[in-house]
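This chain uses plain numbering: 1 for the first residue, then up along the sequence.
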Amino acid sequence: MPQDPTERRVVVTGVPRRTHRTSGYYRPRTEIDEQTTLGHTYVRSLMRSQLRVALAVFAVLVLLVGPLPLVFAAMQDGASLEWAVLGFCVYPPLVLLARWYVRRAERNEKDLVRLVEDR
């Protein structure tokens, strides 16, 4: 039977609007889990940034606490002034330094998660 021209189908092809890549999809989280060279680089980068923050905190701590024995030796007043210096001049900066360290360490970890999360 011959086909009627009105019944003929027209196939329209074009560039797909979305492409889903199933093979060869780049997943940095997998790189870290499988301990590949790239995953090792990601983890090493995080460790370096955490080390930089820790060394900065240590340097500030040494500058803050290191001179205290010299300050106490130079004071002639006695123990009451030493306790005041320890209580009001040392501990508040230590607490602020600890808060800064925790926030910075968490920010470094969030940056790594943002880098490797699948989007």
Side-chain angles (χ1 to χ4, degrees):
M1 264 199 220
Q3 290 184 347
D4 190 15
T6 58
E7 293 181 22
R8 195 173 83 196
R9 283 192 160 175
V10 177
V11 177
V12 179
T13 60
V15 178
R17 292 184 185 179
R18 287 188 194 169
T19 58
H20 294 288
R21 298 158 86 189
T22 55
S23 63
Y25 182 65
Y26 174 69
R27 296 187 59 188
R29 185 175 291 170
T30 315
E31 299 285 340
I32 293 173
D33 291 340
E34 294 177 0
Q35 297 180 354
T36 62
T37 305
L38 182 60
H40 179 58
T41 304
Y42 283 137
V43 172
R44 190 174 173 128
S45 171
L46 174 66
M47 290 173 61
R48 279 188 194 152
S49 61
Q50 299 290 49
L51 180 63
R52 268 193 301 269
V53 173
L55 289 177
V57 168
F58 182 71
V60 171
L61 184 66
V62 166
L63 290 175
L64 183 67
V65 177
L68 283 180
L70 296 174
V71 171
F72 293 154
M75 283 195 283
Q76 302 294 329
D77 212 28
S80 63
L81 190 57
E82 291 175 2
W83 283 107
V85 167
L86 285 175
F88 297 109
C89 297
V90 175
Y91 285 115
L94 287 179
V95 169
L96 293 175
L97 188 64
R99 286 185 64 197
W100 179 81
Y101 173 75
V102 169
R103 285 183 179 177
R104 186 65 192 167
E106 288 176 351
R107 187 183 321 156
N108 287 341
E109 291 173 3
K110 285 179 185 177
D111 288 345
L112 177 72
V113 168
R114 231 180 285 133
L115 180 66
V116 300
E117 89 183 351
D118 299 329
R119 284 192 183 191

Can you pull the salt bridge (charged side-chain N to carboxylate O under 4.0 Å, His left out) pairs that have at least one residue in residues 91-110, sequence neighbours excluded?
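Every candidate salt bridge (charged side-chain N to carboxylate O under 4.0 Å, His left out) pair involving residues 91-110 fails, so no pair, neighbours aside, qualifies.
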
Taking only residues two or more places apart in sequence, or in another chain, which ones meet [X] in a side chain to side chain contact (heavy atoms under 4.5 Å, CB included)?
| X | answer |
| --- | --- |
| M47 | V43 |
| F58 | V62 |
| V85 | L68, F72, M75, C89 |
| L94 | L61, L64, V90, Y91 |

Specify the closest pair of heavy atoms between P92 and G87, including all atoms of both residues, with the distance to one decimal.
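Closest heavy-atom pair between P92 and G87: CD-O, 3.6 Å.
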
In the single-linkage hydrophobic clustering (I, L, V, M, F, W, Y; side-chain heavy atoms under 4.5 Å), do L86 and V65 co-cluster?
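Linked within one cluster.
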
Please say yes or no: joined through hydrophobic side-chain contacts below 4.5 Å, possibly via intermediate residues, are V71 and L81 part of one cluster?
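In one cluster: yes.
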
Starting from L63, walk the hydrophobic network (Ile, Leu, Val, Met, Phe, Trp, Tyr; side-chain heavy atoms closer than 4.5 Å) and list everyone else you reach, by chain and number.
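Besides L63, the cluster holds no residue at all.
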
Identify all side-chain donor-acceptor contacts of residues 48-56 below 3.5 Å with residues at least two apart in sequence or on another chain.
unit_1	atom_1	unit_2	atom_2	d
S49	OG	S45	O	3.4
S49	OG	L46	O	2.8
Q50	OE1	N108	ND2	3.0
Q50	NE2	A105	O	3.4

